[in-house]
Amino acid sequence: MGNRLKRVFIAIGSNLSDREKNIKKAKSLMGKNGIKIVKTSSIIETEPYGLKEQPFFLNCVVECETALTPEELLRVLQSIEKELGRIRKVKWGPRTIDLDIIFYGNMVINKIGLVIPHPDMQNRIFVLKPICEIAPYFIHPVLRKTVKSILKKLEEKNENSNLEC
Amino acid sequence: MIVRKIKKNNLTEELSLVGVDQRAFEHFLKKSEAIIIKIYDIDSRGANILKQEFLSAGGDVAVHSDVASFKKERTDCIIIGNAKAYRLVIEKLKNEPYFGLSKVREKLEEVTKEKKFPIYKIRNNEFDFNGNFYLMAVLNITPDSFSDGGKYINTESAVERAKEMIDEGADIIDIGGESTRPGAEAVGEEEEIRRVIPVVSRIREFSDVPISVDTYKSKVAFEAIKCGADIVNDISGLQFDTEMIRVVKDFNVPVVVMHIKGTPKDMQKNPQYNDLMREILEYFEERIKTLRESRIEKVFIDPGIGFGKRYEDNLKILNNLNEFTVFNLPVLVGSSRKSFIGTALSGRDVNDRLYGSLAAGAIALLNGASILRVHDVKPHKDLVKIIRAILNG
């Protein structure tokens with residue numbers, strides 16, 4: 001267990017019915033468990049595909065400092081997800097809150113359940129936009145590009161195609 | 001809530017299942033030059049309004065014979081009307097959201113909408129499911145696979161077989177390390193990985209062909225995706241392993257959701273269904289909804305021929321396959337060499353079922369399937385070409 005503080009980026013996503021409240025709760029639980037939020041992006045909203053009964057998804061990204069190892073961090077985030085996911089008002093109602101580790105310093109990890117950087121972040125507007133808001137020049141340790149240029153590439157790609165990806 | 005698009009030649013049976021008075025059958029049969037939709041278990045008061053509205057639009061709604069006399073609180077319904085009638089009634093129902101009718105209206109709108117299947121981009125290959133047919137070729141790497149597993153136990157011969165299938169025009173190579181035929185024993189995770197990973201890596205050395213990994217284990221899927229697999233083909237619809245949703249979601253890969261009743265070990269021991277089509281459709285509805293909550297949208301659905309199904313069930317699935325297009329997702333069907341074909345041909349051996357497989361495959365494609373899962377690529381490639389030529393001609 002290292003004592004130095006690491007700079008980590010965590011994506012928060014929710015379509016629980018009480019979304020803003022749950023995002024706030026998630027942030028507060030993170031703070032109480034050794035994950036100090038240093039910067040937070042604004043929240044963006046995306047439409048769910050197909051289903052009309054589900055509320056839109058809300059996403060944001062927080063920059064944090066933590067002394068937790070990647071495994072410990074994952075465990076803490078998963079227990080927060082479980083805790084918040086238990087508040088289910090409607091059977092089959094939307095019930096997910098996602099806390100995904102996007103970056104853990106400059107580390108590259110490839111274990112099942114713990115792939116860092118997040119393996120799909122470069123395809124997710126709802127992760128890239130918020131992260132660019134708070135740390136546009138952070139360099140992706142594998143792609144070796146700033147998140148700003150990764151976002152630019154994704155936006156160009158989406159413009160050029162009308163395919164569902 | 002599911003709705004079922006009923007085939008005209010099943011109408012008599014469905015009317016009798018709803019409990020319609022026999023004397024009315026002729027009347028309904030005459031009206032059936034149209035779209036026929038079955039909905040289950042709605043408030044009888046809503047059913048009465050629905051019937052009124054459809055009657056005034058030139059259609060009708062068949063309900064249980066006790067509904068008119070208010071002796072039954074809920075009823076299944078068969079709605080019969082031409083497209084214009086549906087349009088008129090859907091419009092009118094906007095002002096009548098009582099007794100569950102707003103949900104009914106929503107579903108009717110969905111199901112009568114112009115059908116648009118998605119386009120999936122998989123490893124730089126574009127799969128447009130609007131009128132195109134694709135072949136998923138089976139590559140089993142197991143010693144006890146029922147048809148070709150015994151011959152392909154070492155990596156290099158599996159890779160050779162893959163090359164052959166790619167040359168013959170396979171659109172996807174489906175690699176499985178654990179046999180899932182009826183009665184099969186499970187294989188350990190590590191062994192399955194040992195079988196699958198080398199083959200995936202070797203294929204990636206020379207080909208960009210989309211690869212699906214046939215597994216229900218999240219760790220196997222994870223390792224395979226890391227090596228270059230593009231699709232997860234899960235016979236359990238992401239249910240056997242609770243971590244599978246996470247893997248599919250994190251890597252954002254397309255996933256095949258198959259319907260299975262039971263497990264490979266016991267599924268054929270005595271499968272029972274009260275209402276086969278309803279059960280499978282409700283299964284898909286739940287799975288799709290759950291996956292969409294995790295933002296998993298690139299889904300294929302597979303009714304799971306042979307997976308907890310009797311002979312008659314398999315035939316029924318193929319005959320009514322069009323009902324599965326109600327979700328606007330590509331339908332994948334695996335009939336190739338399966339035992340129902342052997343049975344239909346009075347006990348034909350597994351290696352002598354090609355012509356039967358081709359026939360079943362043709363029916364599947366004509367009834368709305370987009371992908372066939374096959375062992376014999378070249379013959380099925382011909383099949384696809386001829387059908388396309390005739391349908392586009």
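Because the structure is a prediction, the values reported are computed rather than measured. So you know, we letter chains A, B, ... as the sequences are listed, proteins then strands, and number each from 1.
Screening D120(A), D98(A), D100(A) for a salt bridge (Lys or Arg N to Asp or Glu O under 4.0 Å) involving K249(B) leaves a single residue, D98(A).
Counted within 6.0 Å of NZ on K129(A), heavy atoms from surrounding residues, nucleotides or ligands total 12 or fewer; the atom is thus considered open. More than 12 heavy-atom neighbours from other residues, nucleotides or ligands sit within 6.0 angstrom of NZ on K94(B). Counting non-hydrogen atoms of neighbouring residues, nucleotides and ligands closer than 6.0 angstrom, the NZ atom of K148(A) reaches no more than 12 such neighbours.
Between the CD atom of E293(B) and the CZ atom of F57(A) there is a distance of 8.0 Å, given to the nearest 0.5 Å. Atoms NZ and NZ, on K111(A) and K219(B) in that order, are 11.0 Å from each other to the nearest 0.5 Å. The CE atom of M121(A) sits 13.5 Å away from atom CG of N252(B), with the distance rounded to the nearest 0.5 Å. Rounding to the nearest 0.5 angstrom, the gap separating the CD atom in E189(B) from the CD1 atom in I112(A) is 7.0 Å.
Residues R295(B) and T46(A) share a closest heavy-atom pair of NH2-OG1, 2.8 Å.
Considering only heavy atoms from C-beta on, F251(B) stays 4.5 Å or farther from H118(A) through its side chain.
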